[in-house]
Amino acid sequence: MATAHSRALARLMVSPAVILLLLWMIVPLGMTIYFSFLRYNLLMPGMESWTGFDNYYYFVTQASFWVALKNTLMLVLGVLCITVIGGILLALLLNQPFFGQGIVRVMVIAPFFVMPTVSALVWKNFFMNPVNGMFAHIAKALGMQPFDFFAQMPLGSIILIVAWSWLPFATLILLTALQSLDSEQMEAAEMDGAGWMSRFYHLTLPHLTRSITVVILIQTIFLLSVFAEILVTTNGGPGNASTNLPYLVYQQSLLSFDVGGGSAGGIIAVILANIVAIFLMRMIGKNLDA
Amino acid sequence: MARKTSQTQRMVVTIAAWTIGFLIFLPILWTIILSFKTEGDAIKTPLEVLSAPWTTASYAEVQSRSNYAGHFMNSVIISVGSTIIALIIAIPAAWAMAFQPGKRTKDLLMWMLSTKMMPAVGVLIPIYLLFRDFGLLDTRIGLTVIMTLINLPIVIWMLYTYFREIPSEILEASRMDGASLKNEILYVLTPMAVPGIASTMLLNVILAWNEAFWTLQLTTSKAAPLTQFIASYSSPEGLFYAKLSAASTMAIAPILILGWFSQKQLVRGLTFGAVK
Amino acid sequence: EELTIATVNNGDMIIMQKLSPEWEKATGNKINWVILEENVLRQRVTTDIATKGGQFDVMTIGSYEAPIWGKAGWLLPLDDLGEGYDYPDLIPSVAAGLSADGKLMAVPFYAESSFTMYRKDLFDAAGLTMPEQPTYADIAGFAEKLTDKSKEQYGICLRGKPGWGENMAFLGTLVNTNGGQWFDMDWKPQIESEAWKTAINWYVDAMTKYGPPGAVNNGYNENLSLFQTGKCAIWIDATSSAGRVYDPNQSQVSDKVSFTAAPQATSPEGSAWFWAWSLAIPASSTKAEAAKSFINWATSKDYIKLVGEKDGWVAVPPGTRLSTYALPEYQKAAPFAATVLDAIQSADPAKPTKDPVPYTGIQYVAIPEFQGIGTFVGQQIAAALAGQTTVDAALQASQAYATTEMTRSGYIK
Amino acid sequence: MGQITLTKVRKAFGEAEVIPGIDLQINDGEFVVFVGPSGCGKSTLLRLIAGLEDITSGKIEIDGREATNAAPAERGLAMVFQSYALYPHMSVRKNIAFPLKMAGMSDADQTAKVENAARILNLTNYLDRRPGQLSGGQRQRVAIGRAIVREPAAFLFDEPLSNLDAALRVTMRQEITELHHNLKTTMIYVTHDQVEAMTMADKIVVLQAGRVEQVGSPLELYNEPANLFVAGFIGSPKMNFVTGEHAARHGAATIGVRPEHVDVTPDGIWEGRVILAEHLGSDTFLKVDTRDVGEMTVRVSGEMRLGHGDTVRLQPRPDRIYRFAEDGKALK
Amino acid sequence: MGQITLTKVRKAFGEAEVIPGIDLQINDGEFVVFVGPSGCGKSTLLRLIAGLEDITSGKIEIDGREATNAAPAERGLAMVFQSYALYPHMSVRKNIAFPLKMAGMSDADQTAKVENAARILNLTNYLDRRPGQLSGGQRQRVAIGRAIVREPAAFLFDEPLSNLDAALRVTMRQEITELHHNLKTTMIYVTHDQVEAMTMADKIVVLQAGRVEQVGSPLELYNEPANLFVAGFIGSPKMNFVTGEHAARHGAATIGVRPEHVDVTPDGIWEGRVILAEHLGSDTFLKVDTRDVGEMTVRVSGEMRLGHGDTVRLQPRPDRIYRFAEDGKALK
Ligand SMILES: Nc1ncnc2c1ncn2[C@@H]1O[C@H](COP(=O)(O)OP(=O)(O)OP(=O)(O)O)[C@@H](O)[C@H]1O
Ligand SMILES: Nc1ncnc2c1ncn2[C@@H]1O[C@H](COP(=O)(O)OP(=O)(O)OP(=O)(O)O)[C@@H](O)[C@H]1O
Ligand SMILES: [Mg+2]
Ligand SMILES: [Mg+2]
């Protein structure tokens with residue numbers, strides 16, 4: 001099905017989507033780039049002036065920038081590790097026959113539906129709060145000092161909360177993939193004398209690579225811009241221990257109202273995100289075509 | 001491989017699965033439980049909480065303070081509306097990419113996805129200015145447009161992967177049968193992709209429903225969805241666990257129920273072409 | 001007409017929201033409430049007014065914003081609220097703090113200073129007495145004796161959550177009374193000065209030893225609930241808390257609490273803060289008349305009576321009108337009234353520190369750049385409190401940041 | 001009604017020239033089969049006729065009218081695909097009615113036509129099922145039904161039976177033949193199974209690498225293959241070829257003998273050892289390794305008690321020896 | 001080395017009794033084929049032998065040792081699956097080496113064994129490809145390679161050729177036969193294609209509904225089917241059955257004649273009209289509608305110039321008439 005007519009039609013059909021996304025990318029981004037070269041504080045209207053690369057200079061040279069960069073990566077990697085490894089284990093478990101499969105699946109899937117603000121509030125107040133939270137109550141009941149999550153491991157706590165939200169997603173995709181594993185292949189390996197571990201390592205895991213890449217791609221897209229969880233729990237602190245790039249940009253442009261600096265930060269974040277994107281696409285492209 | 005899985009093994013799996021499932025679900029369950037307690041009881045130890053009397057007072061309080069119905073309707077309109085618009089734009093695009101692939105199709109798709117990586121905070125001020133100039137602040141239309149744009153790449157990608165599983169012979173058959181392009185998409189492609197479209201819709205309704213940055217920034221009251229509703233409870237003063245729980249429960253309940261009812265559909269579709 | 005009103009999710013505002021149908025009924029107007037947490041509210045409102053988005057008809061702003069925005073011409077002057085609005089009755093220092101160029105830019109909804117709240121029962125049990133005017137050294141001593149972590153009883157609760165309106169509010173007063181200041185007369189940041197070091201070291205030391213766990217995340221609201229549930233022996237915070245800890249409906253310690261002035265160290269200047277949550281109308285509002293009518297209602301003497309009758313006299317918004325403090329019902333219900341009034345009247349944003357400074361504001365500096373600097377410094381100190389960095393390092397980073405910002409903004413030539 | 005003429009039809013996908021230029025005339029009412037090895041361009045040619053691909057150059061006429069640039073639906077042809085290409089979400093009735101609906105026919109007329117087609121194809125009882133609830137053969141029939149109702153000028157079939165199992169394939173191929181008997185509409189049928197080609201076609205077109213090797217009736221191709229390729233392609237098991245001295249003796253570069261034309265007799269001219277004997281009861285197939293002419297496949301009717309390693313002598317029937325020149329062309 | 005004995009083997013899936021009880025003896029080195037219609041339990045039986053399913057009751061012995069409860073890997077059997085079940089992410093080399101690796105063999109030994117197997121199977125040039133880059137036949141060979149390297153006591157094949165096209169099926173079936181000749185290992189082969197059964201087996205086991213209908217060599221089954229079911233199942237085209245008066249005349253409830261045992265002669269006893277004539281060149285298949293005995297399929301060697309509608313007379317060969325009793329049992 002490839003006549004000249006149908007090819008022209010195809011181009012026509014993609015164009016609305018392409019044009020919209022192009023506008024969506026170019027217009028605000030263009031304005032952001034423009035702002036990033038201005039000294040522009042929202043609280044001092046009419047004082048805008050051209051500053052060249054100053055904003056970029058200040059943004060990159062502040063100590064928080066490198067910390068934020070590190071935190072962004074830690075957050076993405078941490079959540080990916082937990083969700084992928086946890087997701088595989090959980091998918092393996094749920095793929096076994098057991099009583100009440102449907103109900104357990106409903107329970108496991110639930111966190112995915114909870115909005116980030118709510119999940120952060122729930123974890124922060126009901127669980128991780130060192131005085132009234134459930135963990136504190138349990139620690140006290142066991143005669144231990146309650147652990148102060150957001151002070152002792154701020155980034156870790158956020159990783160935990162975000163991972164909780166994304167674990168169901170990873171689990172579901174991996175479970176679907178597991179169910180598509182050819183049972184004859186497993187039987188063949190069994191005939192070949194492969195034990196449980198060997199079968200997992202030599203068959204299941206390679207079978208899952210495609211799905212794992214997809215999980216990584218999709219989650220990375222969302223994890224690079226984690227924001228609500230930080231805003232609700234730690235506000236990026238203590239210090240900047242849990243500030244990631246989006247939050248740093250938020251601080252700059254919406255807490256200090258330094259739109260110029262924030263825009264420069266935004267552009268830097270876009271560039272970094274695209275570096276990650278290109279890197280990911282390479283990996284995915286290879287994996288998805290195979 | 002239907003050999004006897006020993007009864008004990010099955011029990012072990014059952015216990016493990018239930019325990020883990022319960023732990024994962026606990027935060028939600030606990031929120032629901034707390035929402036039916038008084039503020040005083042809600043901060044006690046777990047055992048005391050469970051034995052405390054039940055009350056719906058917090059719901060009444062939350063209801064009297066906020067216009068839940070209004071926020072709820074806005075959430076529904078914005079998330080469903082943006083999903084439908086995204087589908088209308090995405091179906092033809094995905095059709096073209098799946099059935100008329102060119103050398104650049106893959107790159108195009110990846111480019112689309114990469115637009116999702118743009119950090120929203122970085123472009124808030126420009127968008128705010130644009131919205132102000134077009135009179136879109138605090139309008140459902142404005143927010144719907146933003147949600148559409150944010151979710152469009154994912155919608156296109158998901159549809160693209162479903163469409164690719166449809167044999168192109170069927171579309172050719174319809175063309176031989178005299179169907180115009182419109183009819184081909186309307187009568188053949190779309191109905192065949194119904195499961196895929198349904199799960200795409202679900203996922204995007206969920207994502208739009210839970211989106212908490214743009215919804216908070218671009219709306220105030222008339223178009224404010226449930227994320228705004230929950231924001232007013234996010235750090236209120238004094239004893240507040242019960243009210244916060246009630247508000248949280250009310251904010252997530254609709255999507256949770258929708259998700260549970262349609263989870264088969266959702267799960268079936270959540271493969272992003274990863275399962276061959 | 002439909003008004004959109006943005007406000008903070010504090011108790012007093014929630015009472016206002018609950019009572020607002022009375023006004024709606026009386027005038028036939030309708031209100032859309034946008035109730036947000038303080039940080040989010042400030043950010044939303046600022047974005048909107050600075051870009052002239054025109055989304056709000058009435059905004060709740062603080063004494064920090066009112067003069068700055070008033071000067072920028074973003075706010076509608078509010079000195080014509082009509083006949084019955086008894087302007088002279090507003091506490092003069094409060095009204096002054098909300099004016100720009102001699103015009104009232106926002107009217108106070110409630111105003112507050114800071115003071116010391118403590119648990120009389122615990123003091124008595126330990127055989128301690130709180131002096132009329134405590135010093136920070138006294139406070140540390142008391143806190144030490146009253147801490148019993150096994151019973152979840154903490155000697156002192158102070159704000160730890162970073163933010164210029166959160167931990168820096170308290171820390172500002174602590175620095176001031178230690179003789180420190182934000183900037184010298186040349187706008188050079190003074191954050192690495194001895195006064196700062198003394199103050200912050202006292203704070204970190206006291207909080208680590210006698211404070212509750214998780215203090216870095218405790219803002220005003222968290223501390224309030226800690227105190228209300230009897231977990232704190234001493235709490236230095238806003239005077240507006242008085243009603244809340246004294247209200248038996250909210251507080252488990254209502255009958256065990258006493259109040260006194262904010263502690264001092266070496267200098268009395270700026271030892272207690274000044275803050276007023278106030279209502280203002282953006283200059284761009286197209287519904288100014290209705291908005292004024294609402295503001296008039298919500299800050300009037302009648303409103304105060306209404307709250308007193310409906311929600312109890314302890315709950316009335318404090319610190320705005322002299323007449324409130326003259327009401328016998330209020331004096332009876334709120335024995336702390338005099339202390340509070342005293343604190344508010346003596347807090348003078350115009351003379352915040354021992355040495356002269358080029359700015360106004362006790363716990364803040366009334367320039368636009370302050371929000372960014374204050375937030376940054378707040379975070380650094382929170383990091384020090386959490387033990388992730390040292391006090392010296394935190395102050396050094398803060399000094400560097402503030403210097404950069406002030407240089408960029410052209411204050412430092 | 002159903003005459004198709006291809007003139008110098010050429011098709012290239014980018015660089016790759018798949019069909020270098022074909023002239024072909026298909027007459028009204030004929031059953032034409034395209035055969036050839038995989039990848040030789042059978043499907044491509046069919047799709048060019050259908051209009052699903054653009055031709056690179058050349059001309060297609062249908063019933064004397066130029067159709068080179070007509071859209072698929074305008075050509076009045078119907079196609080049955082290898083995978084059936086049924087619409088899985090529609091009932092059988094709707095599937096069959098789909099082309100009529102697209103043509104804007106009234107509901108009543110649609111029903112009448114669909115029921116008539118269902119009767120012809122023995123599908124009346126299945127009209128309300130979905131394709132997923134049908135067996136392979138029934139699905140195939142629905143696909144044909146969808147083609148029939150349009151009363152096309154010609155039917156195009158692309159390996160319509162290759163997804164069916166052996167037994168069903170036999171039945172369906174007889175049904176299609178019968179259908180052609182009844183409808184007498186032109187049919188173009190692509191297959192790579194030469195049994196199908198032999199049993200169904202009025203005219204077989206043998207393709208190789210996009211070129212027509214020979215056109216003719218099945219028995220013409222069997223009896224007088226134009227060249228080595230056709231000789232080897234038509235007939236099962238494959239014709240045995242002998243080159244060298246033994247061929248030269250017949251004045252040819254290569255000679256060919258079909259397995260069924262070799263007899264096992266004690267006085268055969270070629271001696272060899274049986275390396276494989278397949279006993280089907282009805283026939284015995286032998287693979288014989290001869291010293292003189294290499295491996296020979298032989299078909300013997302009925303049972304022959306021979307096994308691996310036995311020595312036999314083979315005798316080709318002299319009137320059944322095919323001769324080919326150096327360039328592969330058949331010698332008369 | 002490769003002797004398998006089943007004693008009273010019974011298998012039920014929950015309520016459904018799939019195999020009600022089978023006794024079977026497979027000797028060392030034999031090539032045994034299980035045939036039967038779809039769903040008759042062939043795969044199940046094979047999987048019981050492999051150990052991939054538990055037997056419900058009964059006993060399985062391999063080389064005289066009880067293996068009823070042994071794990072699949074312990075039984076020393078190798079299996080080749082219908083879908084090949086290759087490991088898609090491993091190279092051919094790794095696929096073949098996998099069982100050796102699992103057995104903990106040294107790398108050098110693995111390489112040697114793999115290369116030897118590759119040589120036997122003509123896979124040497126493909127060792128570094130992935131299964132996805134191979135043709136169907138090559139994949140099948142890899143699957144066999146994986147079985148060979150283990151030097152199993154017996155090979156189990158479950159319809160190994162049913163995914164291949166007709167021509168390839170013929171080649172592969174000859175390759176497997178040859179492999180058996182060379183290795184002389186016991187092979188158990190499941191198929192529902194009776195041509196495969198006839199050409200490959202030393203011994204055919206005909207199953208129906210989980211029951212053994214007949215066990216014997218291919219020609220035994222062809223010549224002396226034990227009952228109607230076997231008679232109809234073995235032979236292609238299918239045997240023609242006649243009941244009623246004509247059968248009674250032979251003292252049987254039913255008589256059967258194979259298509260290849262009916263001659264077309266002017267003095268045949270049954271007269272009929274040709275309703276279908278398929279000319280393959282080598283043979284002609286006729287479907288004849290007779291007044292006396294219904295539809296008859298007839299195979300004539302070579303070409304016979306008959307077409308649709310011609311009238312013919314048919315004569316069954318008297319020594320080739322099979323007779324069956326009321327209950328389907330063959331009469332001697
Ligand atoms: N869209 C295409 N782009 C590039 N090459 C193509 C395309 N379609 C077919 N070809 C090439 O054209 C040649 C002929 O393909 P075609 O499908 O017509 O063969 P065929 O005879 O139908 O084979 P088969 O019997 O396997 O179906 C093949 O070499 C194929 O690779
Ligand atoms: N796991 C199972 N659970 C229940 N019934 C089963 C199971 N496996 C097979 N059966 C049933 O057992 C019977 C025999 O199945 P089996 O797969 O052995 O047939 P087969 O002879 O191999 O058929 P085919 O030729 O189609 O492969 C069938 O009726 C099937 O439905
Ligand atoms: Mg083809
Ligand atoms: Mg089977």
Side-chain angles (χ1 to χ4, degrees), chain A residues 1 6-7 9-10 13-14 16-17 20-21 24-25 28 31-32 93-94 96 98-99 104 106-111 113-118 121-123 125-126 132 134 137 172-173 176-177 180 183 187 210-211 214 221 224-225 227-228 232 246 249-250 259 266 269-270 273-274 277 281 285, chain B residues 1 10 13-14 16-18 21 24-25 27-28 30-31 43 45-46 89-90 92-93 95-97 100 106 110 112 114-123 125-127 149 152 156 168 172 181 206 210 212-213 227 230 234 241 244 248 251-252 255-256 259-260 263 267 270-272 274-275:
Chain A
M1 180 181 45
S6 63
R7 263 194 304 272
L9 219 52
M13 304 290 260
V14 267
L20 272 177
L21 286 175
W24 169 234
M25 205 175 80
M31 288 171 78
T32 305
L93 185 66
L94 296 186
Q96 315 284 322
F98 62 87
F99 303 105
V104 171
V106 160
M107 294 202 295
V108 168
I109 201 176
F113 305 128
V114 177
M115 47 183 88
T117 17
V118 171
L121 282 171
V122 165
W123 278 97
N125 292 307
F126 306 158
N132 292 323
M134 185 180 283
H137 284 306
L172 290 181
I173 291 195
T176 333
S180 77
S183 69
E187 292 181 348
R210 257 174 97 92
S211 314
V214 165
I221 290 174
L224 278 176
S225 49
F227 172 74
V232 170
V249 175
Y250 169 77
V259 178
V270 168
N274 273 289
M281 303 303 170
Chain B
M1 226 185 339
R10 205 176 155 113
V13 172
T14 305
W18 273 88
I24 289 177
F25 185 58
I28 297 169
W30 195 244
T31 306
I43 55 165
T45 64
I89 300 170
W95 170 85
M97 294 202 288
Q100 302 283 340
K106 203 118 217 164
M110 288 299 158
M112 287 180 169
S114 75
T115 63
K116 263 200 85 67
M117 297 194 181
M118 186 162 66
V121 277
V123 294
I125 300 290
I127 295 287
L149 288 169
L152 193 55
I156 292 180
S168 61
E172 293 183 349
L181 180 63
I206 293 167
N210 290 342
F213 181 77
T227 43
I230 200 73
S234 73
Y241 277 22
L244 174 60
S248 300
I252 62 174
I255 202 75
L256 199 60
W260 279 345
Q263 57 132 343
V267 171
L270 270 187
T271 66
F272 292 94
V275 177

- Can you tell if the side chain of A/F113 reaches within under 4.5 Å of the side chain of B/I252, non-hydrogen atoms only? no
- Rounded to the nearest 0.5 angstrom, the CD1-CD1 distance for B/I24 and A/I109 is 11.5 Å
- Looking at NZ of B/K116 and CG of A/L21, how far apart are the two atoms once the value is rounded to the nearest 0.5 Å? 10.5 Å
- Taking every heavy-atom pair that is under 4.5 Å apart, which of B/A93, B/A96, B/P126 has the most such pairs with chain A? B/P126
- Of the backbone (N, CA, C, O) and the side chain (C-beta and beyond), which part of A/L93 lies under 4.5 Å from a heavy atom of chain B, both, or neither? both
- If you tally heavy-atom pairs under 4.5 Å against chain B, which of A/G266, A/P246, A/P16 wins? A/P246
- With a 4.5 angstrom heavy-atom cut-off, could you sort out which part of B/L149 is near chain A: side chain, backbone, both or neither? both
- Query: What residue, out of A/L94, A/V108, A/V232, A/N274, has the most heavy-atom pairs lying under 4.5 Å from chain B?
  - Reply: A/V108
- Message: Just verifying a value: how many Å separate A/F126 CZ and B/I28 CD1, rounded to the nearest 0.5 Å?
- Response: 12.5 Å
- If you measure from CD on A/Q96 to CZ on B/R10, what distance do you get to the nearest 0.5 Å? 10.5 Å
- Query: Is chain B contacted by the side chain of A/N125, its backbone, both, or neither, given a heavy-atom distance below 4.5 Å?
  - Reply: both
- Query: Quick one: what part of A/L20 sits under 4.5 Å from any heavy atom of chain B, side chain, backbone, both or neither?
  - Reply: both
- Between chain B and each of A/P116, A/A17, A/S225, count heavy-atom pairs under 4.5 Å; write down the option with the most. A/A17
- Task: Taking B/W30 for its side chain and A/V122 for its backbone only, find out whether a donor-acceptor pair lies under 3.5 Å.
- Result: no
- Identify which part of A/V114 has an atom lying under 4.5 Å from any heavy atom of chain B, answering side chain, backbone, both or neither. both
- What part of B/I255 gets closer than 4.5 Å to chain A, counting heavy atoms only: side chain, backbone, both or neither? both
- With sequence neighbours left out, what residues match A/F98 under ring pair (Phe, Tyr, Trp, His ring centres under 6.0 Å)? none
- Message: Ignoring hydrogens, what is the shortest heavy-atom contact between A/V118 and B/S248? Give both atom names and the distance.
- Response: CG1-CB, 3.7 Å
- Portion of B/L256 that has a non-hydrogen atom of chain A nearer than 4.5 angstrom: both
- Item | B/A212 portion near chain A, given a 4.5 angstrom heavy-atom threshold | side chain
- Select one option (side chain, backbone, both, neither) describing which atoms of A/T32 are under 4.5 Å from chain B's heavy atoms. both
- ring pair (Phe, Tyr, Trp, His ring centres under 6.0 Å) against A/Y250, all qualifying residues, sequence neighbours excluded: A/F227, A/Y247
- Query: Which residue out of A/M31, A/M25, A/H137 racks up the most heavy-atom pairs below 4.5 Å with chain B?
  - Reply: A/H137
- In terms of heavy-atom pairs under 4.5 Å, which option from B/G21, B/P46, B/P27 contacts chain A the most? B/P27
